[in-house]
Amino acid sequence: MRILITGGAGFLGSHLSDRLLAQGHEVVCMDNFFTGRKRNIRHLLEHPDFELLRHDVIDPFKIEVDQIYNLACPASPIHYQFNAIKTIKTSVMGAINCLGLAKRTKARVFQASTSECYGDPSVHPQPEQYWGNVNPIGIRSCYDEGKRCAETLFMDYHRQNDVDIRIVRIFNTYGPRMCPDDGRVVSNFIVQALRGDAITIYGEGQQTRSFCYCDDLISGFLKLMNQEEIIGPVNMGNPGEFTILELAQKVIAQTGSSSKIIYESLPQDDPKQRQPDIQLAREKLNWEPTLNLEEGLKPTIEYFDQLLSES
Ligand code: NAD
Ligand code: UDP
């Protein structure tokens with residue numbers, strides 16, 4: 001198949017490109033390089049089945065493709081708050097452009113949605129049926145509400161125009177090729193630990209997240225995209241739940257770092273807890289993560305160690 005990945009030069013998009021090329025597909029990688037890096041796809045540039053397109057997903061595009069993965073959107077709070085209006089445009093207009101293309105070409109189209117759709121959840125762990133607790137006017141809203149609106153658009157194009165859709169709600173995912181300065185907690189802690197800088201915990205570190213290794217997540221994407229039974233939204237993430245303090249301690253132990261922990265103020269609307277209920281993915285897709293946090297941190301730390309030694 002010829003497969004379009006918007007946001008293909010980003011952290012997840014580049015891993016997805018690797019996997020699809022390994023399966024023998026053609027990949028068209030579209031990216032505006034806001035948070036994506038040439039470094040992430042440099043090894044693919046000479047691949048005969050890989051094509052790179054510098055393009056912004058908010059501007060319409062016409063390509064003949066069989067499948068579309070819509071991943072284009074800054075994902076870390078620092079980056080999505082940098083230009084909030086652009087972030088919401090990316091989610092909403094990007095979804096409209098991908099869905100319009102899917103309608104015309106009859107391509108199956110995938111939306112990278114997010115656990116942020118649940119906001120600061122009052123139901124724990126979060127099943128797909130939970131409608132969430134999202135502040136519509138806060139500093140995270142450009143991301144959360146943009147992604148929620150994209151889900152609405154996907155469902156409406158499906159109901160109204162019979163577009164063949166798939167939606168995944170991704171919970172915190174980490175691994176090699178994360179941007180070292182995007183402020184997400186796993187990359188921040190690893191980089192701080194490797195440099196011997198203080199580890200910055202926001203708040204008291206009692207808020208929780210559940211961390212999934214990227215290869216496990218990509219396997220889930222492929223399973224959802226290549227079956228007929230469910231369209232989603234389906235949660236994907238690792239149910240292993242940790243406080244942010246526990247994560248800091250694990251990173252310190254696994255890097256052998258002498259970094260100290262310091263406490264800084266908690267950002268506004270920071271969710272207090274987050275854990276995916278992945279029963280649907282287990283039952284319908286026979287999918288669940290295979291690597292625990294310690295196993296996934298190992299190659300991630302190795303990646304950042306190498307990256308820092310080059311700079
Ligand atoms: P990332 O920032 O590494 O990747 C996003 C990619 O989209 C980058 O390459 C960026 O340059 C590109 N992009 C941004 N705006 C664009 C635009 N207007 N036009 C074209 N390209 C644009 O982040 P990621 O972690 O790889 O996230 C990929 C997708 O998965 C995002 O949609 C994100 O919201 C979603 N997601 C990720 C996580 C996670 O934990 N990694 C969790 C939930 C959802
Ligand atoms: N966090 C932290 N220190 C950091 C970066 C993040 O304590 O240096 C916290 C952040 O406040 C949040 C959690 O770690 O509670 C996860 O943050 P991230 O930005 O990775 O993801 P999200 O909040 O979108 O789940």
Side-chain angles (χ1 to χ4, degrees), residues 9-15 18 35-40 42-43 74-82 114-116 140 170-218 237-268 270-276 289-311:
F11 159 50
L12 294 176
S14 64
H15 286 288
D18 286 344
T35 54
R37 296 277 176 278
K38 287 243 179 74
R39 181 195 165 94
N40 291 345
R42 194 171 291 143
H43 60 292
S76 78
I78 291 182
H79 283 141
Y80 69 64
Q81 288 163 14
F82 175 74
T114 169
S115 54
E116 295 284 333
R140 293 176 84 101
I170 305 166
F171 285 66
N172 299 61
T173 298
Y174 67 97
R177 303 188 195 153
M178 290 183 90
C179 198
D181 56 1
D182 75 2
R184 283 191 267 190
V185 69
V186 175
S187 43
N188 255 18
F189 285 2
I190 292 176
V191 169
Q192 290 165 342
L194 290 173
R195 287 190 173 136
D197 294 343
I199 307 269
T200 53
I201 287 187
Y202 303 156
E204 291 171 9
Q206 292 309 306
Q207 69 273 38
T208 67
R209 293 294 187 272
S210 306
F211 301 101
C212 185
Y213 187 66
C214 53
D215 289 354
D216 279 332
L217 183 80
I218 302 296
N238 192 320
E241 184 184 9
F242 298 88
T243 66
I244 295 304
L245 178 59
E246 285 169 336
L247 174 70
Q249 288 162 341
K250 271 189 192 297
V251 169
I252 289 172
Q254 281 187 240
T255 50
S257 171
S258 55
S259 288
K260 300 207 166 8
I261 290 176
I262 58 168
Y263 293 86
E264 296 185 352
S265 59
L266 191 65
Q268 190 191 321
D270 199 278
K272 286 183 270 310
Q273 54 183 0
R274 188 181 289 154
Q275 183 191 30
T290 61
L291 293 190
N292 66 28
L293 183 55
E294 271 157 37
E295 290 164 330
L297 281 178
K298 193 168 174 291
T300 314
I301 291 168
E302 282 165 7
Y303 170 81
F304 282 109
D305 202 17
Q306 171 71 29
L307 191 75
L308 294 184
S309 73
E310 288 169 19
S311 56

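Along the sequence shown, the residues carry numbers beginning at 1.
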Under a 4.5 Å cut-off applied to non-hydrogen side-chain atoms, are [X] and [Y] in contact?
{"X": "F304", "Y": "V186", "value": "no"}
{"X": "D305", "Y": "T255", "value": "no"}
{"X": "T114", "Y": "I170", "value": "no"}
{"X": "T35", "Y": "F82", "value": "no"}
{"X": "R37", "Y": "R177", "value": "no"}
{"X": "S210", "Y": "P276", "value": "yes"}
{"X": "R274", "Y": "F171", "value": "yes"}
{"X": "S187", "Y": "D182", "value": "yes"}

For [Y], does its backbone N or O pair with a side-chain atom of [X] as donor and acceptor, under 3.5 Å?
{"X": "R140", "Y": "Q268", "result": "no"}
{"X": "H15", "Y": "P176", "result": "yes"}
{"X": "Q207", "Y": "Y202", "result": "yes"}
{"X": "N292", "Y": "G240", "result": "no"}

Please report the closest heavy-atom contact between [X] and [Y], naming both atoms and the distance.
{"X": "G196", "Y": "S257", "result": "CA-OG, 4.5 Å"}
{"X": "V251", "Y": "A193", "result": "CG1-CB, 3.8 Å"}
{"X": "G237", "Y": "P289", "result": "O-CG, 3.4 Å"}
{"X": "L194", "Y": "I301", "result": "CD1-O, 4.0 Å"}
{"X": "I78", "Y": "G183", "result": "CD1-CA, 3.7 Å"}
{"X": "F11", "Y": "T173", "result": "CE2-O, 3.5 Å"}

Check K250 with E246, please: is the shortest side-chain N to carboxylate O separation under 4.0 Å?
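The answer is no: the pair does not qualify as a salt bridge.
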Working to the nearest 0.5 Å, report the span between [atom1] of [X] and [atom2] of [Y].
{"X": "I201", "Y": "E264", "atom1": "CD1", "atom2": "CD", "result": "10.0 Å"}
{"X": "N40", "Y": "C179", "atom1": "CG", "atom2": "SG", "result": "8.0 Å"}
{"X": "S76", "Y": "Q81", "atom1": "OG", "atom2": "CD", "result": "8.5 Å"}
{"X": "Q249", "Y": "T243", "atom1": "CD", "atom2": "OG1", "result": "7.0 Å"}
{"X": "I244", "Y": "T208", "atom1": "CD1", "atom2": "OG1", "result": "7.5 Å"}
{"X": "L293", "Y": "T300", "atom1": "CG", "atom2": "OG1", "result": "9.0 Å"}

Residue list, side chain to side chain contact (heavy atoms under 4.5 Å, CB included) with R195, at least two apart or on another chain
V191, D197, L308
What I want to check is whether the side chains of Q192 and T200 have a donor and an acceptor closer together than 3.5 Å.
yes
Distance-only side-chain donor-acceptor flag, Q306 / E310, under 3.5 Å:
yes
Hey, is OH on Y263 packed in by over 12 heavy atoms from elsewhere, all under 6.0 Å?
yes
Would you mind telling me which of V185, N238, L297 makes a side chain to side chain contact (heavy atoms under 4.5 Å, CB included) with F211?
V185
Check the pair D18 / H43 against side-chain contact (heavy atoms from CB on, under 4.5 Å), numbers first and verdict last.
CA-CA 9 Å; D18 286 344; H43 60 292; 2.9 Å; yes
Could you please spell out the steps behind the side-chain contact (heavy atoms from CB on, under 4.5 Å) verdict for M178 and I190?
CA-CA 11 Å; M178 290 183 90; I190 292 176; over 6 Å; no
